[in-house]
Amino acid sequence: MSTKTELRRRLRAARTGLDAAEQARRADQLAAVLQAHIHPTAVVAAYRPMTGEPDVGPFLTAHLARGGTVLLPRVVPGPARRMEWIPWTPETTMRRSRQLPLDEPAGEPAALEVPRDVDVMLVPALAVGRDGVRLGQGGGYYDRLLGPGSETAEDGVDAGPAGIDAEPEGAAGPERIAVVHPEELLSAGDIPVEPHDLRVARAITAQGPVLLDPTG
Ligand SMILES: Nc1nc2c(c(=O)[nH]1)N(C=O)[C@@H](CNc1ccc(C(=O)N[C@@H](CCC(=O)O)C(=O)O)cc1)CN2
Ligand SMILES: Nc1ncnc2c1ncn2[C@@H]1O[C@H](COP(=O)(O)OP(=O)(O)OP(=O)(O)O)[C@@H](O)[C@H]1O
């Protein structure tokens, strides 16, 4: 088993090798997969892709067009490593973050509470294991938002459908879905796990949804 740092280095290097045409092709496939599995009016917390991340942009545009709601994160400056969430439309101004290599929405945070009012959370990841272990960019942002101690911690090992294939109104806390490239779906045990690490019950790639086993 490699360390998280080694794994991140390898996975980031592989992402820089993905060419733009392949990324765009995967983005379109991902849009179809996500639309088929997320309720049309769901409140979706998503992300704006940074280098090599699976591009959920085409899905977000389609999701708004069918009456859904989209929120994007913005890192709050300071040591708490917290995110605030801003409603997104194609007109939303995006600005380069001062601290991180990514674009973030300008504007006022949502009146909605995150994660409480969110149906589906598309969680960015560098890789995810069949055991539900997620490797993120290393900020711990999603572990803090969703992990032990957060209000939706109980959902951590719940493999049941929430925002997926179900009315979002019935969901208790968001369905968390790790979005990765197909080759970033790793075997159980491949990603080192620390006590604070968030596990997810589901992943989605351009090839389709994948049920994970966070209890294993
Ligand atoms: N698209 C997207 N947005 C996101 C996340 C994400 O994973 N993807 N985040 C998920 O948490 C938060 C930002 N967290 C991040 C943490 C570290 C790095 C990163 O690239 N770190 C590098 C070098 C940073 C630098 O250039 O200074 C590193 O640690 O080596 C990026 C994002 C919020 N927004
Ligand atoms: N709930 C938490 N409370 C305090 N510190 C935490 C918490 N979760 C993670 N951390 C710290 O944050 C740092 C990064 O954690 P980790 O490597 O798991 O990030 P990640 O899940 O890859 O990142 P991200 O969620 O931002 O994509 C670690 O130093 C870890 O100790």
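When a residue number appears, it is its place in the shown sequence, counting from 1. The analysis underlying the following values was restricted to heavy atoms, covering all of them including side chains, and did not include hydrogens, waters or symmetry mates. Counting starts at 1 for both ligands and their atoms, in listed order. This one's a predicted model, so the numbers in the text were calculated from it and none came from an experiment.
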Evaluate Arg48 for polar contact with ligand 1, using N/O atom pairs at a separation under 3.5 Å.
yes
Does atom 23 (C) of ligand 1 have any protein heavy atom closer than 4.0 Å?
no
Would you mind finding which of Leu102, Leu72, Thr51 brings a heavy atom closest to atom 4 (C) of ligand 1?
Leu102
Whether the side chain of Arg199 engages the backbone of Leu212 through a donor-acceptor N/O pair (distance < 3.5 Å, no angle test) should be reported.
no
Has the side chain of Asp28 got a donor or acceptor atom that lies under 3.5 Å from a matching backbone atom of Arg25?
no
Pick, from His196, Arg144, Arg81, the option with the minimum heavy-atom distance to atom 16 (P) of ligand 2.
His196
Under a 3.5 Å distance rule, please check whether Arg176 uses its side chain to pair with a backbone N or O of Leu146 as donor and acceptor.
yes
Does ligand 1 have any atom that is closer than 4.0 Å to a heavy atom of Pro101?
yes
Nearest-neighbour protein heavy atom for atom 17 (C) of ligand 1, which is reported as residue plus atom name and distance
Gln137 CB, 3.6 Å
Option nearest atom 13 (C) of ligand 1 (shortest heavy-atom distance, choices Asp103, Asp55, Leu100, Val56)
Leu100
Would you check if Arg95 and Asp103 make a side-chain contact, meaning some heavy-atom pair closer than 4.5 Å?
no
Straight-line distance of Thr93 OG1 to Ile86 CD1, nearest 0.5 Å
12.0 Å
Pairing of Arg10 and Glu6 as salt bridge, 4.0 angstrom limit
no
Quick one: look up the protein heavy atom nearest atom 10 (C) of ligand 1 and list residue, atom name and how far away it is.
Tyr142 CE1, 3.4 Å
Number the atoms of ligand 2 from 1 as they appear, then name those within less than 4.0 Å of a heavy atom of Lys4, with their elements.
16 (P), 17 (O), 18 (O)
Kindly say whether Pro105 contributes a backbone atom to a donor-acceptor pair with the side chain of Arg74 at under 3.5 angstrom?
yes
Within the distance-only criterion (no hydrogens, no angle test), does the side chain of Glu53 pair as donor or acceptor with the backbone N or O of Met50 below 3.5 angstrom?
yes
Look only at the side chain of His63 and the backbone of Phe59, and say whether a donor-acceptor pair between them is shorter than 3.5 Å.
no
At less than 4.0 angstrom from any non-hydrogen atom of Arg134, what atoms of ligand 2 do you find?
21 (O), 24 (P), 25 (O), 27 (O)
Run the numbers for me: atoms of ligand 2, each under 4.0 Å from some heavy atom of Tyr142, listed by number.
25 (O)
When only distance counts, is Pro124 in polar contact with ligand 2, meaning an N/O pair under 3.5 Å?
no
Is it true that a side-chain atom of Arg8 and a backbone atom of Leu135 form a donor plus acceptor pair closer than 3.5 Å?
no
Quick one: CG on Leu60 to OH on Tyr47, what's the gap to the nearest 0.5 Å?
8.5 Å
Could you tell me whether Gln99 approaches ligand 1 through its side chain, its backbone, both or neither, with non-hydrogen atoms closer than 4.0 Å?
backbone
Can you tell which part of Met83 has a heavy atom less than 4.0 Å from ligand 2: side chain, backbone, both or neither?
neither
Is it the side chain (CB and beyond), the backbone, both or neither of Glu53 that lies under 4.0 Å from ligand 1, heavy atoms counted?
side chain
Going by distance only, is there an N or O of Gln137 that falls short of 3.5 Å from an N or O of ligand 2?
yes
Of all the heavy atoms in Arg12, does at least one lie under 4.0 Å from an atom in ligand 1?
yes
Heavy atom under 4.0 Å from ligand 2: found in Leu126's side chain, backbone, both, or neither?
neither
Protein heavy atom at shortest distance from atom 12 (C) of ligand 1:
Tyr141 CD1, 3.9 Å
Check: Gly136 N/O within less than 3.5 Å of ligand 2 N/O:
yes
Looking only at atom types and distance, does a side-chain atom of His181 sit under 3.5 Å from a main-chain N or O of Arg26, one as donor and one as acceptor?
no
